Amino acid sequence: MGQASTLIDLRSDTVTLPTPQMYEAIARAALGDDGLDGDPTARELEAHAAGLLRKETGVYFPSATMANLAAVMAQAGRQEVVLAHDDAHIYEAERGGAALSGAVYQGIAGDDGAMDCNALADALASNRSKLRVALVCLETSHNSAGGAVLPLAHMAEVAALARRVGASVHVDGARLFNASVALGVSAAAVAEQADTVTICLSKGLSAPMGAVLVGPRKVCAQARTLRRALGGNQRQVGIAAAAGLVALRTMIDRLADDHRRATLLADGIGRLAPLRAKAPQTNIVQVDTAGTGGTAAQWVDALREAGVLVRPWGRHLLRCVTHRHIGDADIAAAIAAFQKCLGQAGS
Ligand SMILES: *Cc1c(COP(=O)(O)O)cnc(C)c1O
């Protein structure tokens with residue numbers, strides 16, 4: 001292709017590169033052996049994340065996937081039940097973790113990433129398996145629901161149902177700051193109902209890697225032990241944690257720009273009937289190609305030829321994600337590419 005640099009990459013906000021300030025922080029970071037007596041920069045990141053989300057403490061992880069798995073394993077035992085929305089990342093993309101945790105994952109139906117609370121109450125009440133429900137997981141913003149944000153009242157209702165049976169609440173907040181920015185509330189307010197929260201540093205926040213699990217001291221101590229068992233102990237991890245600190249200190253407010261551009265993109269595509277795009281709440285735009293007769297796979301190929309990278313998210317569903325490297329001109333160019341491909345499909 002030889003034109004990689006000119007492609008507009010809407011596949012994911014994970015493609016974001018570290019900022020110049022991150023490289024500077026990496027060069028200056030105080031380092032130690034995180035598996036031995038601790039890395040000072042990782043400690044600082046853990047404390048900063050816990051402070052932001054108003055939880056007791058935090059544990060740095062190589063990825064949000066590993067942080068979620070440790071959160072599950074620390075709070076649900078073998079043959080205990082973990083409930084999550086049936087389109088949640090934990091339930092869909094990370095369910096292989098069940099083979100490691102021995103926990104029983106059960107999906108709960110619902111719209112826009114929110115579990116149907118009646119279905120949740122039924123699942124909590126019916127106990128034909130005699131297995132204890134140990135953990136209820138929420139996800140906000142919700143990846144597969146096109147970046148939908150859970151209403152805080154819904155999170156409170158789910159937490160109340162969980163607490164009634166003695167279950168803990170985990171929030172997969174890989175994009176929690178997208179949710180807090182969209183709601184116009186603090187990250188701590190979004191995290192309020194949760195025992196434990198995972199945040200990912202390498203999505204829209206642009207750090208090259210890493211996630212933090214925050215929660216009660218006791219659970220986090222267990223999660224730290226599990227991190228070792230899972231091979232997640234790293235050594236001079238302050239190299240990565242330094243970028244994560246810059247991410248949390250400087251990259252949250254600008255997520256509003258990504259949200260604004262996602263709305264511009266959805267508006268533009270929405271004018272290209274029979275393509276359809278739902279108004280996004282955050283930085284993820286789902287485009288329905290069914291009306292064009294083209295499958296998502298065909299659209300992905302055609303758009304790539306037109307200089308735009310997107311991902312298939314269902315037979316007729318495309319996923320477009322805005323992020324720091326996507327400016328207003330890229331949005332205009334992406335809409336033009338959709339229009340061009342639509343013309344080709346019709347000819
Ligand atoms: C990306 C994502 C994860 C996993 O994050 P990694 O750091 O890539 O492992 C978990 N949950 C949600 C909702 C995500 O979007």
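In listed order, ligands and their atoms are each counted from 1. Everything numeric in this text was worked out from a predicted model, so none of it was measured.
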Task: Residues Arg324, Asp258: salt bridge by 4.0 Å N-O rule - done: no
Open item on the list: One thing to verify: whether Asp267 and Arg271 come together as a salt bridge, which I'm taking to mean a side-chain N less than 4.0 angstrom from a carboxylate O.
Closed with: no
- [ ] Would you mind checking which non-hydrogen protein atom is closest to atom 3 (C) of ligand 1, with the distance to 0.1 Å?
- [x] Lys203 NZ, 3.3 Å
TODO: Please indicate whether any nitrogen or oxygen in Ser202 is less than 3.5 Å from any nitrogen or oxygen in ligand 1.
DONE: no
Open item on the list: Taking 4.0 angstrom as the limit and counting only heavy atoms of Arg175, give me the atoms of ligand 1 inside it, by number and element.
Closed with: 15 (O)
Task: Protein heavy-atom partner closest to atom 4 (C) of ligand 1 - residue, atom, separation in Å - done: Thr65 OG1, 3.4 Å
Task: Gln106 side chain to Ala123 backbone, donor-acceptor under 3.5 Å - done: no
Task: Contacting atoms of ligand 1, where contact means under 4.0 angstrom from a heavy atom of Glu139 - done: 13 (C)
Task: Nearest non-hydrogen protein atom, atom 11 (N) of ligand 1 - done: Asp172 OD2, 2.7 Å
Open item on the list: Would you say Val321 ends up clustered with Val285 if hydrophobic residues are merged whenever their side chains have heavy atoms under 4.5 Å apart, either directly or through other cluster members?
Closed with: no
TODO: Would you mind checking if Asp195 and Arg163 are paired as a salt bridge, meaning a charged N to carboxylate O distance below 4.0 Å?
DONE: yes
Task: Heavy-atom side-chain contact between Tyr91 and Ser144 under 4.5 Å - done: no
- [ ] Note the single closest protein heavy atom to atom 7 (O) of ligand 1, along with its residue, its atom name and the distance in Å.
- [x] Ala64 N, 2.8 Å
- [ ] Among all protein heavy atoms, pick out the one at the shortest distance from atom 10 (C) of ligand 1; state its residue, atom name and that distance to 0.1 Å.
- [x] Glu94 OE2, 3.2 Å
Task: Contacting atoms of ligand 1, where contact means under 4.0 angstrom from a heavy atom of Cys200 - done: 7 (O)
TODO: Apply the salt bridge (charged side-chain N to carboxylate O under 4.0 Å, His left out) test between Asp13 and each candidate in Lys203, Arg175, Arg261; give the one that qualifies.
DONE: Arg175
